[in-house]
Colleague: 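Below is the structure I would like to discuss, written out as structure tokens.
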Amino acid sequence: MSQPDNTANFVEFQRVQKSYDGETLVVKDLNLSMPRGEFLTMLGPSGSGKTTCLMMLAGFETATHGEITLDGRPINNIPPHKRGIGMVFQNYALFPHMTVAENLSFPLEVRKIDKSDREAKVRRALEMVQMGAFASRRPGQLSGGQQQRVALARALVFEPELVLMDEPLGALDKQLREHMQFEITGLAHELGITTMYVTHDQTEALTMSDRVAVFNDGRIQQLAPPDTLYEQPANSFVAQFIGENNTLTGKVKSIDGQTAIITLDTGEEIDAKPVNVSTVGERTRVSIRPERVEFDTSRLKADAHHTLKAQVKEFIYMGDTFRTRLNVAGNDDFIVKTRNAPNQVRLTPGTEIEIGWQPEDCHALDW
């Protein structure tokens, strides 16, 4: 797998803003750089600004303020067809009256590439996505997954340096979607293509990306590799949006280096890592991932504030894991995930237990 070239900013947004009505900003003062060869995913809920950013880069929307550059070249005033960018959409956007080969040939004809070169490029692109045998079929004769492969081949056929993908797998079933995730990322890295991908599916983002930009309310909340986003969320929104998360609320009692003591609203005290709290008395949401919670508290340090009493509300068998719902410090939906192992104790609703975690797995975040 090739790695991104971090020596240059291939794509750059410089203080970019976007408003459709002249008043409300959909994108707010965006600064973002992508190195050549990176697979970057823009992730966020509907209306967060992620798709608008993609459309401004593609040229289908115009920035209200700021500048977008591609390989050091300002592109704000360059029309979409002259930017040399490949696009893949959720609805495939294939021409139904054209064959697969004709669909791929069309962007080459627009670029005035001669017939023999066109045919060679079309064959190569179809082979890349394992669709060489379907060149003479029309889109209506293909399955959803096959159509998506053709749409990907069409985006790659003119050998763009940048490919933009807007929810390209949203219409596929779960199994095919997961298969296509690996196909797309493998192809992008193999060919060294810089890729910007938009999705609201957090699992897709974590699986496919070199880095993920988490959007909310027109701003990037955190930009980091997938494991950093999950293990070290920068704020409460990221913690809640990325993966499953348990939240407890309270106030900062003390901060000493990398450890804060939090007094929960129910009176218990716990140790937490102070991520974006800085003052005693500050309100905080404390974040703990379900798989980091332990039932065997004997292995944890006895002198730390890291164990809490809990009551079992529900115990659910999920095949490879067990999911236990607890009442913890007033939170009735506190979840613990444990691996399905032969020695796993099956807990009965109503049972009083003690749970715990390592202090570094517990993050004190913004209110």
Colleague: Could you grab the distance from atom CD1 of Ile255 to atom CD1 of Ile262, nearest 0.5 Å is fine?
Modeller: 7.0 Å

Colleague: Identify the two heavy atoms, one from Val88 and one from Leu152, that lie closest to each other, and give their separation to 0.1 Å.
Modeller: CG2-CA, 4.1 Å

Colleague: Between Arg323 and Tyr317, is there a donor-acceptor pair closer than 3.5 Å when you use the side chain of the first and the backbone of the second?
Modeller: no

Colleague: The criterion is ring pair (Phe, Tyr, Trp, His ring centres under 6.0 Å); which residues satisfy it with Tyr197, sequence neighbours excluded?
Modeller: Phe39

Colleague: Could you point out which residue of Glu282, Glu268, Glu269 forms a salt bridge (charged side-chain N to carboxylate O under 4.0 Å, His left out) with Lys253?
Modeller: Glu269

Colleague: Would a distance-only check, ignoring hydrogens and angles, find a side-chain to backbone donor-acceptor pair under 3.5 Å from Asp361 to Val293?
Modeller: no

Colleague: What are the two closest non-hydrogen atoms of Ala329 and Leu248, and how far apart are they?
Modeller: CB-CD2, 4.2 Å

Colleague: Heavy-atom count around Arg111 CZ within 6.0 Å, excluding the residue itself: above 12?
Modeller: yes

Colleague: Got a sec, which residues hit ring pair (Phe, Tyr, Trp, His ring centres under 6.0 Å) with Phe315, two or more places apart in sequence or on another chain?
Modeller: Phe322

Colleague: For Asp210 and His189: C-alpha separation, side-chain torsions, deciding distance, then whether side chain to side chain contact (heavy atoms under 4.5 Å, CB included) applies.
Modeller: CA-CA 10 Å; Asp210 296 317; His189 283 118; 3.2 Å; yes

Colleague: How would you list, by chain and number, every residue that makes a ring pair (Phe, Tyr, Trp, His ring centres under 6.0 Å) with Phe158, sequence neighbours excluded?
Modeller: none

Colleague: What pair of heavy atoms forms the shortest contact from Thr99 to Ser136, and how long is it?
Modeller: CG2-O, 3.6 Å

Colleague: State which residues pass ring pair (Phe, Tyr, Trp, His ring centres under 6.0 Å) with Phe237; sequence neighbours excluded, sorted by chain then number.
Modeller: Phe241

Colleague: For Ser209 and Ala205, indicate whether the former's side chain and the latter's backbone hold a donor-acceptor pair under 3.5 Å.
Modeller: yes

Colleague: Are Val252 and Leu308 connected in a single hydrophobic cluster, I mean Ile/Leu/Val/Met/Phe/Trp/Tyr linked by side-chain heavy atoms less than 4.5 Å apart?
Modeller: yes

Colleague: Checking side-chain polar atoms at under 3.5 Å, does Ser116 have a donor or acceptor matched by the opposite partner on Asp114?
Modeller: yes

Colleague: Quick check for you: to the nearest 0.5 Å, what is the distance between Leu326 atom CG and Asn246 atom CG?
Modeller: 8.5 Å

Colleague: So do Arg219 and Asp29 actually touch side chain to side chain, heavy atoms under 4.5 Å?
Modeller: yes

Colleague: Taking the side chain as every heavy atom from C-beta outward, state whether Leu70 and Ile85 have any pair of such atoms under 4.5 Å apart.
Modeller: yes

Colleague: With sequence neighbours excluded, what pairs up with Thr259 under the side-chain contact (heavy atoms from CB on, under 4.5 Å) test?
Modeller: Asp271

Colleague: Look only at the side chain of Ser143 and the backbone of Gln146, and say whether a donor-acceptor pair between them is shorter than 3.5 Å.
Modeller: yes

Colleague: If only atom types and distance count, is the side chain of Arg124 paired as donor or acceptor with the main-chain N or O of Val157 below 3.5 Å?
Modeller: no

Colleague: Among all residues two or more places apart in sequence or in another chain, which pass the side-chain contact (heavy atoms from CB on, under 4.5 Å) test with Leu94?
Modeller: Tyr92, Asn103, Pro139, Gln147, Val150, Ala151, Arg154

Colleague: Can you name the residues that form a side-chain contact (heavy atoms from CB on, under 4.5 Å) with Glu314, not counting sequence neighbours?
Modeller: Ile316, Arg325

Colleague: As an exercise, state the distance from CD of Gln222 to OG1 of Thr228, rounded to the nearest 0.5 Å.
Modeller: 7.5 Å

Colleague: Kindly say whether Gly66 contributes a backbone atom to a donor-acceptor pair with the side chain of Arg15 at under 3.5 angstrom?
Modeller: no

Colleague: State plainly whether one hydrophobic cluster holds both Ile193 and Met180, where clusters connect Ile, Leu, Val, Met, Phe, Trp and Tyr through side-chain heavy atoms under 4.5 angstrom apart.
Modeller: yes

Colleague: I'd like to know if Glu127 and Arg123 make a salt bridge, using a cut-off of under 4.0 Å between side-chain N and carboxylate O.
Modeller: no

Colleague: Taking Ser33 for its side chain and Glu12 for its backbone only, find out whether a donor-acceptor pair lies under 3.5 Å.
Modeller: no

Colleague: Going by ring pair (Phe, Tyr, Trp, His ring centres under 6.0 Å), name the pairs with one or both residues in residues 99-139, residues two or more places apart or in two chains.
Modeller: Phe95-Phe106

Colleague: Who passes salt bridge (charged side-chain N to carboxylate O under 4.0 Å, His left out) against Lys309, sequence neighbours left out?
Modeller: none

Colleague: Write down the atom of Val16, the atom of Val27, and the distance for their closest heavy-atom approach.
Modeller: O-CG1, 3.7 Å

Colleague: For Asp256, is the CG atom crowded, meaning more than 12 foreign heavy atoms sit under 6.0 Å from it?
Modeller: no

Colleague: Grouping I, L, V, M, F, W and Y whenever their side-chain heavy atoms are under 4.5 Å apart, do Val238 and Leu30 come out in a common cluster?
Modeller: no

Colleague: Is the number of heavy atoms from other residues, nucleotides or ligands under 6.0 Å of Phe182 CZ greater than 12?
Modeller: no

Colleague: NZ/Lys28 to OG/Ser19 distance, rounded to the nearest 0.5 angstrom?
Modeller: 11.0 Å

Colleague: Do Asn276 side-chain atoms and Asp366 backbone N/O form a donor-acceptor pair below 3.5 Å?
Modeller: yes

Colleague: Is Arg36 salt-bridged to Asp71, cutoff N-O under 4.0 Å?
Modeller: yes

Colleague: Would you say Pro35 and Arg211 make side-chain contact, with heavy atoms under 4.5 Å?
Modeller: yes

Colleague: Which pair of non-hydrogen atoms, one from Gln258 and one from Pro274, has the smallest distance, and what is that distance?
Modeller: O-CD, 3.3 Å

Colleague: Are Leu57 and Ile220 grouped together when hydrophobic residues (ILVMFWY) are joined by side-chain heavy atoms under 4.5 angstrom apart?
Modeller: yes

Colleague: With clusters defined by side-chain heavy atoms of hydrophobic residues (ILVMFWY) lying less than 4.5 Å apart, directly or transitively, does Ile242 cluster with Val286?
Modeller: no

Colleague: Which residues pass the side-chain contact (heavy atoms from CB on, under 4.5 Å) test with Ile78, sequence neighbours left out?
Modeller: Arg73, Ile75, Lys82, Arg83

Colleague: Verify the distance criterion only: is there a donor paired with an acceptor across the side chains of Asn245 and Gln240 at less than 3.5 Å?
Modeller: yes

Colleague: Just by modelled atom types, is the Gln311 backbone N or O under 3.5 Å from a matching donor or acceptor in the Asn327 side chain?
Modeller: no

Colleague: Return the CZ to CD distance between Arg177 and Glu204, rounded to the nearest 0.5 Å.
Modeller: 6.5 Å

Colleague: Would Asp320 and Asn340 count as a side chain to side chain donor-acceptor pair (under 3.5 Å) if you check the C-alpha gap in whole Å, the side-chain angles of each, and the deciding distance to 0.1 Å?
Modeller: CA-CA 5 Å; Asp320 59 341; Asn340 185 352; over 6 Å; no

Colleague: Please answer whether the main-chain N or O of His200 pairs with a side-chain N or O of Glu167 as donor and acceptor at a distance below 3.5 Å.
Modeller: yes

Colleague: Taking only residues at least two apart or on different chains, which pairs with a member in residues 141-153 satisfy salt bridge (charged side-chain N to carboxylate O under 4.0 Å, His left out)?
Modeller: Arg149-Glu183

Colleague: What closest approach, in Å, do Ser287 and Ala239 show between heavy atoms, and which atom pair accounts for it?
Modeller: OG-CB, 3.8 Å

Colleague: Compile the donor-acceptor pairs under 3.5 Å between side chains in residues 43-54 and protein atoms, sequence neighbours left out, one pair per line.
Modeller:
unit_1: Ser48; atom_1: OG; unit_2: Pro45; atom_2: O; d: 2.8
unit_1: Lys50; atom_1: NZ; unit_2: Gly44; atom_2: O; d: 3.0
unit_1: Lys50; atom_1: NZ; unit_2: Pro45; atom_2: O; d: 3.2
unit_1: Thr52; atom_1: OG1; unit_2: Tyr20; atom_2: OH; d: 3.4

Colleague: Do the side chains of Leu156 and Leu187 get nearer than 4.5 Å, heavy atoms only?
Modeller: yes

Colleague: Give, for atom OG1 of Thr199 and atom CG of Leu169, the distance between the pair rounded to the nearest 0.5 Å.
Modeller: 8.0 Å

Colleague: Is Asp117 salt-bridged to Lys112, cutoff N-O under 4.0 Å?
Modeller: no

